[in-house]
Protein chains: 2
Amino acid sequence: MIGHSAKIPLPSLKRLPGYVHFLRSLKCEGVATVSTTAIGRALRLDPTQVRKDLACTGAEGRPRVGYRVDDLIVVLEEFLGWRNVSEAFLVGAGHLGSALLGYEGLRNHGLDVIAAFDSHPAKVGQDVHGVKVLDIERLPGLARRMGVHIGVLTVPVDAAQEVAERMVEGGILSIWNFAPVSLQLPEKIFVQNGELYAQLAVLLRRTEEAVSRKTPSTPEVA
Amino acid sequence: MIGHSAKIPLPSLKRLPGYVHFLRSLKCEGVATVSTTAIGRALRLDPTQVRKDLACTGAEGRPRVGYRVDDLIVVLEEFLGWRNVSEAFLVGAGHLGSALLGYEGLRNHGLDVIAAFDSHPAKVGQDVHGVKVLDIERLPGLARRMGVHIGVLTVPVDAAQEVAERMVEGGILSIWNFAPVSLQLPEKIFVQNGELYAQLAVLLRRTEEAVSRKTPSTPEVA
DNA sequence: TAGATTGTTAATCGATTAACAATC
DNA sequence: TAGATTGTTAATCGATTAACAATC
């Protein structure tokens, strides 16, 4: 079930988790109500934009007062599906995969990784942060039987396409893909890329810009 | 130095790494030239958009032929700063931090993490995937002395703001922040958030939408 | 040549930002 | 009440997509 299942713009949806994190910190401090001005100041966003985003979730505020922090957290968590976690399978128990398995945060954010898979015999049978590592061969069958719809893909790039196809075979509907490759899958399958390299590209470029501002480049010689 | 230092739209910049990954795979297959139509098909992007993106980097193609794969890779890697890696410090040698330290991929993508830091005495002195873990106290001094401008932040959320401030103290200009908190830092400091939770939010919602398409919800009862 | 492809200008689309009436 | 704040409509901005001449 989707809370307030209306269409929400993608940029708005991506900002919602940030609101929840900030609201939780307010709650810890005992703050009862908050205005979009205050949220915007903390997250460096336009207050109007914050209001628009919140409106998408069905949250309601009161003029002159703002939004009740407690209520707003509940509405947003409901909207984001953080109150009834979804089960997921993870494939690739390497560095990144293990890190995600050990990341308690995911469960508080709506995702429960209930099993991991790997093709490497040395990994199969192990227990990584409390999650069993099974043979990849068993994924399609188990996914179908257990009704798991989400797959987390943390395998090397060469194996990504093949593993993704096994996931689809098992009835997986959405894939969180951390391999730097564009998966070729049926249209109906949703793929969310990890975008580590996209973020890194932005980081490097902005850094270069900042460095060259500090040490102005030598003017070109004619 | 920034290759073709003109302004590039943020969405375009983020797509560039994907182009390089695809082009490298073409090169492996021995393909010599490629059209924006082919790139678009592989990455599910509009060909015109691909041309616009490539134009930003200064790449040039030939009508009827396309772009030379080899040349295009060089131009893009140059533009992205992948040919002269930038040095970085990482703080927080936990699960995620260790995973990033062990991630060979980063060095091929322009980032060289040359030292890690942690506040936990048990971690300090250790060697994680070939990178020494030092006491966080030494970060500002070392960053300044070595001229490191990039910080990777993989500490628990409660420590993030404080550690970020230490980074700024050491002359760090850009921070790749994986903690779910909006850092409050001087305007000139660039912060790239890891956006794990934003991505997860999109993933969960799209999954719910797909599931409810498969099993249409019971119509509301009057 | 004919036709695929680039490079670029124009049109469209959607998100952000501004403006402002309604409200408590 | 006066004034801060919401909720919403209008204006702006920027990215995507369409159209098309130039090119090999």
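Just so it is clear: chains get the letters A, B, ... in the order the sequence lines come, proteins before strands, and each one is counted from 1. Computed from heavy atoms alone, side chains included, the values below leave out hydrogens, waters and symmetry copies.
For A:A32, there are no side chain to side chain contact (heavy atoms under 4.5 Å, CB included) partners two or more places apart in sequence or in a different chain. Remark: B:D70 engages B:K27, B:R68 in a side chain to side chain contact (heavy atoms under 4.5 Å, CB included) (not counting sequence neighbours). Judged as a side chain to side chain contact (heavy atoms under 4.5 Å, CB included), and not counting sequence neighbours, the contacts of B:D46 are B:T48, B:Q49.
Residue contacts shown for B:R51 include a base, since a base heavy atom lies under 4.0 Å away.
Of all the heavy atoms in A:L203 and B:F190, the pair that sits closest is CA-CE2, 3.9 Å. Taking all atoms of both residues into account, the shortest heavy-atom contact from B:G170 to B:A143 is O-CB, 3.5 Å. B:S86 and B:I150 get closest at one heavy-atom pair: CB-CD1, 3.9 Å. Heavy-atom minimum distance, A:T36 versus A:P47: CB-O, 3.7 Å.
Note on residues 79-90 of chain B: pairs passing salt bridge (charged side-chain N to carboxylate O under 4.0 Å, His left out), not counting sequence neighbours, are B:E77-B:R83. Evaluation of the salt bridge (charged side-chain N to carboxylate O under 4.0 Å, His left out) test over residues 50-67 of chain B, restricted to residues two or more places apart or in two chains, returns B:R15-B:D53.
Nearest-nucleotide positions on DNA chain C for A:P11 and A:R62 put A:P11 closer to the 5' end. Projected onto DNA chain C by closest heavy-atom contact, A:P63 and A:T48 fall at different nucleotides, the more 5' of which corresponds to A:T48.
Two residues are said to be in side-chain contact when any heavy atoms from C-beta on lie closer than 4.5 Å; A:Y19 and A:L54 meet this criterion. Taking 4.5 Å as the limit, some side-chain heavy atom of A:Q161 sits within range of a side-chain heavy atom of A:L185.
Here the side chain of B:R144 pairs a donor or acceptor atom with the backbone of B:E169 at under 3.5 angstrom.
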Using distance only, find each side-chain donor-acceptor pair of residues 173-183 of chain B under 3.5 Å and give its atom names and separation, not counting sequence neighbours.
residue, atom, partner, partner atom, Å
B:S174, OG, A:T207, OG1, 2.7
B:W176, NE1, A:Q199, OE1, 3.0
B:N177, OD1, B:A179, N, 3.0
B:N177, ND2, B:A179, O, 3.2
B:N177, ND2, B:V181, O, 3.1
B:N177, ND2, B:N193, OD1, 2.9
B:S182, OG, A:A42, O, 3.4

Listing, residues 92-101 of chain B side-chain donor-acceptor contacts under 3.5 Å, not counting sequence neighbours, or none:
residue, atom, partner, partner atom, Å
B:H95, ND1, A:G102, O, 3.4
B:H95, NE2, A:H129, NE2, 3.4
B:S98, OG, B:A93, O, 3.4
B:S98, OG, B:G94, O, 2.7

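Of the residues in residues 64-74 of chain B, those with a non-hydrogen atom less than 4.0 angstrom from any atom of DNA chain C are B:R64, B:G66, B:Y67. If you check residues 184-194 of chain A against DNA chain C, you find no residue with a heavy atom closer than 4.0 Å. Annotation: proximity of residues 20-40 of chain B to DNA chain D (heavy atom, distance under 4.0 Å) is found for no residue.
In DNA chain C, the stems built from three or more successive Watson-Crick or G-U pairs (distances below 3.5 Å) are C:3-24 with D:3-24.
Each of A:L16, A:V20, A:N108 was scored for a side chain to side chain contact (heavy atoms under 4.5 Å, CB included) with A:W82, with one residue passing: A:V20.
A nucleotide of DNA chain D counts as in contact with chain A when one of its atoms lies under 4.0 Å from a heavy atom; the first and last such, 5' to 3', are D:dG3 to D:dA10.
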